[in-house]
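These notes concern the structure reproduced below.
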There are 2 protein chains.
Amino acid sequence: MSAVAAEVAVRSVLAIEDAEDLAAIESEVRAFAGPLGYDRFVLFSASAAQDEVLQSIYWVEGDWFGDGESVDAETYIRRCPVTRHILEAHEPFFWTKTVGDNGDLYRIVRAPRGRGIHGLQVPIFGPLGLEGAMSLGGEQIDASAHARLTLGLVAVSAFLAARRILEGPAGDAAGKLSGRERQVLAWTAAGRRQVEIAATLGLSERTVENHLRRIRKRLGVATTAQAIRVAIRNGEIAA
Amino acid sequence: MSAVAAEVAVRSVLAIEDAEDLAAIESEVRAFAGPLGYDRFVLFSASAAQDEVLQSIYWVEGDWFGDGESVDAETYIRRCPVTRHILEAHEPFFWTKTVGDNGDLYRIVRAPRGRGIHGLQVPIFGPLGLEGAMSLGGEQIDASAHARLTLGLVAVSAFLAARRILEGPAGDAAGKLSGRERQVLAWTAAGRRQVEIAATLGLSERTVENHLRRIRKRLGVATTAQAIRVAIRNGEIAA
DNA sequence: CCGACAATGGGGGAAATCCCTCAATATCGC
DNA sequence: GCGATATTGAGGGATTTCCCCCATTGTCGG
């Protein structure tokens, strides 16, 4: 099977990249992951920066908690502890759920086997760090390295396509500051003082100061140090 | 060819993941990318945060500038303008070099064709944002979406494996600050002033100030604003 | 043309940070 | 126990940032 699966994965990705609605993405993922034993899916955007890791759920489907019921987004957020691991994850990982005496126990494993719900969690990174993740789960899953790779490929493209469709073409938060302001803040984050920045950009010290004040006001923060953090978080300047 | 290539890519990735030295990675990449027309390679770690984007080159090979000579790392850094585009890139992209009147012109294109050197640039992201990239180039390259996907897969695994081998198992910079220092810096990043932090943590204003000075010294930065950036970048505090 | 806003700059003064040095505990590894 | 390091705190002064006000120029959309 695996000799074919790689090619199928590539075809799925290409189809997903061209998808024009979420349903198309979903059916592609189902068609690819189904034969590998996966029948539960979650796709969401995330951020390591926010207080709430989980930002918005694009797609949730299947009997995630083994109680025979489908799960809605809120429930998933509240109950699934797997998502917490994505903050430390650097690449896709398999997990398994074992039912113990004191509730469910989720563990990260090399290759899940046996009874219970297992799954693959695929973190998705971008210029800002963690940007989202896809979880795939099932009871009898193909947990080979081959499956990890191909599912990872499909999951990443599914996330990117879903975000493209659901979050609009481009309009995000990276536009609160004007160009000059971003520039001044970038130099500030680089360790330059107001006088130095003024010299670098050919401005008066006063202007740099005024820019910084306006930046603080715009970002709604009290100090320049905090402005750096918020700007990084918003993608205004690079970390 | 492509029906086979996807499977070959997966096998290459699995081999690369198990590689124990750089040479093994290189030969895997060559074996996979060669038949697609790529015979120039660069693999390097990067950071959108550094003043110097390029941090260290793991591997450079081939006649990158079309002058019949192999290129060493320093030359590549100085001369290749393609790397500058990775700061804005969100996914792998093709580029092409056209020789114009006033020097070489590098452009990002959908699918490079015709005479000249073309290539694929694959940015690699991680929890901290941009962490590295791989460039593959050649004169007669397969620039299909299929090649983009499979080469991307191979490039990412090559980068991760090379970093694992060359930068040691784990020892990175996420432990330069003491617990208290991290705490103080976190509150600073949250917009609190020294007095406020002192009150919150039950310290004297002097102590907070001393902590901040030591933080700056340790991180090797000039201002607290810069310390915030560097600390976020190093994973000391959350963005 | 006129309001909105980016970008520039200034005066004056209050507040905060930064820099140097020095010193006392406390803890941990060897 | 002894050195290294974390954590705490201080004196005193030099810089720097921050905050309130204000004004000018230019650009852009309605």
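Side chains are part of it too, since the values below use all heavy atoms of this structure and drop only hydrogens, waters and symmetry mates. Every chain is numbered from 1, with letters handed out A, B, ... down the list of sequences.
Separating the CG atom of A/Asn210 from the P atom of D/dC20 is a distance of 12 Å, rounded to the nearest angstrom. Between A/Trp187 atom CH2 and D/dT17 atom P there is a gap of 16 Å when expressed in whole angstrom units. As a whole-Å value, the separation of A/Ile215 CD1 from D/dC19 C1' is 16 Å. Between the P atom of D/dT8 and the CZ atom of B/Arg214 lies a distance of 11 Å, rounded to the nearest Å. For the pair B/Leu203 CG and C/dA24 C1', the computed distance is 16 Å after rounding to whole Å.
Applying the side-chain contact (heavy atoms from CB on, under 4.5 Å) test between B/Ser204 and each of B/Thr207, B/Val208, B/Leu201 identifies B/Thr207 as the sole match.
Put simply, A/Arg216 has a side-chain N or O that comes within less than 4.0 Å of OP1 or OP2 on D/dC18. At least one side-chain nitrogen or oxygen of A/Thr224 sits closer than 4.0 Å to the OP1 or OP2 atom of D/dC18. Proximity of B/Gln194 to the phosphate of C/dT17: a side-chain N or O atom is located under 4.0 Å from OP1 or OP2. Checking the phosphate oxygens (OP1, OP2) of C/dA26, no side-chain nitrogen or oxygen of B/Arg180 falls inside 4.0 Å.
Taking the side chain of B/Arg193 as heavy atoms from C-beta on, and the options C/dA16, D/dA6, C/dG9, the nearest nucleotide is C/dA16. Out of C/dC19, C/dT8, C/dG11, the shortest distance to the side chain of A/Arg206 is found at C/dG11. Side-chain proximity of A/Glu209 to C/dA6, D/dT7, D/dC18: nearest is D/dC18. For A/Thr207, taking side-chain heavy atoms from C-beta onward, the closest of the listed nucleotides D/dC19, C/dG9, D/dT7 is C/dG9. For B/His211, the listed nucleotide lying nearest its side chain is D/dT8; candidates were D/dT8, C/dA7, C/dG10.
We find that A/Glu181 and A/Arg213 are not joined by a salt bridge, their nearest charged nitrogen and carboxylate oxygen being 4.0 Å or further apart.
In this structure, B/Arg213 reaches the bases: a heavy-atom distance under 4.0 Å links it to at least one base atom across the strands shown.
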